[in-house]
Amino acid sequence: MADKVEFELVSPEKLLVSQPVDMVVVPGGEGNFGVLAGHAPMITTVRPGVIDIFEGDRIVDRIFVAGGFAEVTETRCTVLAEQATNLSELDRAAVEQEVKDTGEDVDDAKTDGDRALAEGRLAIARAKLEAITGATAH
Amino acid sequence: MPSLKDLKNRIASVKSTQKITAAMKMVAASKLRRAQEQAEAGRPYAERMGRMLASLAANVSSDGEGPKLMTGTGKQDTHLLVVISSDRGLCGGFNGTIVREARRQIARLEREGKTVKVLTVGRKGRDQLRRTNPKNVVHSYEDIGRKRLSFAEADMITAKVLEMFEAGEYDVASIVYNKFKSAMTQVVTFQQVIPFALSQSDAAEAQADEGQAEAKALYEFEPEEDQILAELLPKNLSIQVYRSLLESAASEQGARMTAMDSATRNAGDMINKLTLTYNRTRQAVITKELIEIISGAEAI
């Protein structure tokens, strides 16, 4: 694996990751996709889920993102995410609580706008929980 | 002529004021540094967002069927001004200039027969605008970024702006804020955000990018361009709001630092003057007493 792809993970508050990697798997809006060097240029949405960073054949890093956008060129893969946490830093109990709390927010929402916001948060919390469950199951 | 005791008190009070202003200056300086770092950290995201938007817009705008956030409502009747000021005073002309610009814009738009709605961020702007333009101010936020400005707060303001847009409450939205130039100078900036206009620099950047190795990178889009754009535009608005909040926060600290610096210097001048008066008065008292003693002795 001679060619590497420059992976960047950016949140509005800072540049989180910027490193050359062998491959990244990004949870795209229309399904997961892996990016190797020389990937066709592409712009896509990212749904809440886990980004896997590969060195060789091993996953070296797993990062949870709460949705965003990805721009892929032949040499670069840039992910714009609003929230990103390393999977190992997520606490199962806290996330379960979050799912419960946001679920209640959806029920309590008075206006449609509030409801849509709360539902968005619920979806993110659920994806987070799923990511943890998936990680421990392996 | 003030008595010696009065002068002494006066000097003591000016001295303690000077201590306060000097401390405020230090605090503002360190806050300014933090604000600048934060603004710096937020730049990569905004840059990449701009690049993506530019390449997307190049693909979409040609057919003229873009999302409303980009093409506008087709009218220009109602304007929304988002005025960003600070919560606290003692920062020189910071809030004054922002409010003056906002009033000028309101007056200009109303002369053109348009309706103007104002959304204020920060207590000072709200108070001053409410006094002169009570009917224009529709909503206000306070205590934004009190500890550390977070993106979530910018998102919250954006959500309100978008909600109003979707409800058809206005056609054009602009942000009025202080752009940070240096610690000494802030530039009042009037920036239109809805309908979205691609800034010159972003477009140029995208072209420069394309000109480079990625010779006319023709992106694939997944899902369709307009769908991505529909998601990207609100995000971009959040970023714009976030950035102007950051700029404004940095400007505020810069303005405060400058104001406090000159206040400290003025206090120093005042102390010098008062001390001089104090010493002269003291001398005068001594001379007077001496004369009294001498003339008393001579009389004997």
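Throughout, protein chains are lettered first and strands after them, A, B, ... in sequence-line order, and every chain is numbered starting at 1.
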Discussion item. For a side chain to side chain contact (heavy atoms under 4.5 Å, CB included) check, start with the C-alpha distance between B/Met52 and A/Phe69, then their side-chain angles and the critical distance, and finish with the verdict.
Written reply: CA-CA 9 Å; B/Met52 263 195 212; A/Phe69 305 92; 4.0 Å; yes
Discussion item. Main chain of B/Phe151, side chain of A/Glu13: is a donor-acceptor contact present, judged purely on distance under 3.5 Å?
Written reply: yes
Item to complete: Can you tell which part of B/Tyr242 gets under 4.5 Å to a heavy atom of chain A, answering side chain, backbone, both or neither?
Response: side chain
Discussion item. At a 4.5 Å cut-off on heavy atoms, which part of B/Ser238 comes close to chain A: side chain, backbone, both, or neither?
Written reply: neither
Worksheet item: Under a 4.5 Å heavy-atom cutoff, which of B/Glu220, B/Arg243, B/Lys235 has the most pairs with chain A?
Response: B/Glu220
Fill in: From CD (B/Gln227) to CD (A/Glu30), nearest 0.5 Å
7.0 Å
Worksheet item: Going from CD on A/Glu8 to OH on B/Tyr45, what distance comes out if it is rounded to the nearest 0.5 angstrom?
Response: 13.5 Å
Practice prompt. Tell me the residues of residues 170-180 of chain B whose non-hydrogen atoms fall below 4.5 Å from those of chain A, in number order.
Written response: none
Discussion item. With side chain to side chain contact (heavy atoms under 4.5 Å, CB included) as the test, pick out the partner of A/Val10 among B/Arg48, B/Met49, B/Glu47.
Written reply: B/Arg48
Discussion item. Need one label for B/Ile228: side chain, backbone, both or neither, based on atoms under 4.5 Å from any heavy atom in chain A.
Written reply: both
Discussion item. With rounding to the nearest 0.5 angstrom, report the CD to CG distance, B/Glu40 to A/Leu15.
Written reply: 12.0 Å
Worksheet entry | Side chain, backbone, both or neither of A/Ser11 within contact of chain B (heavy atoms, under 4.5 Å) | backbone
Discussion item. So, taking the atom named CZ in B/Arg51 and the one named CD1 in A/Ile43, what distance separates them when rounded to the nearest 0.5 Å?
Written reply: 9.0 Å
Worksheet item: Does any heavy atom of chain A fall under 4.5 Å from the side chain of B/Leu232, the backbone, both, or neither of them?
Response: both
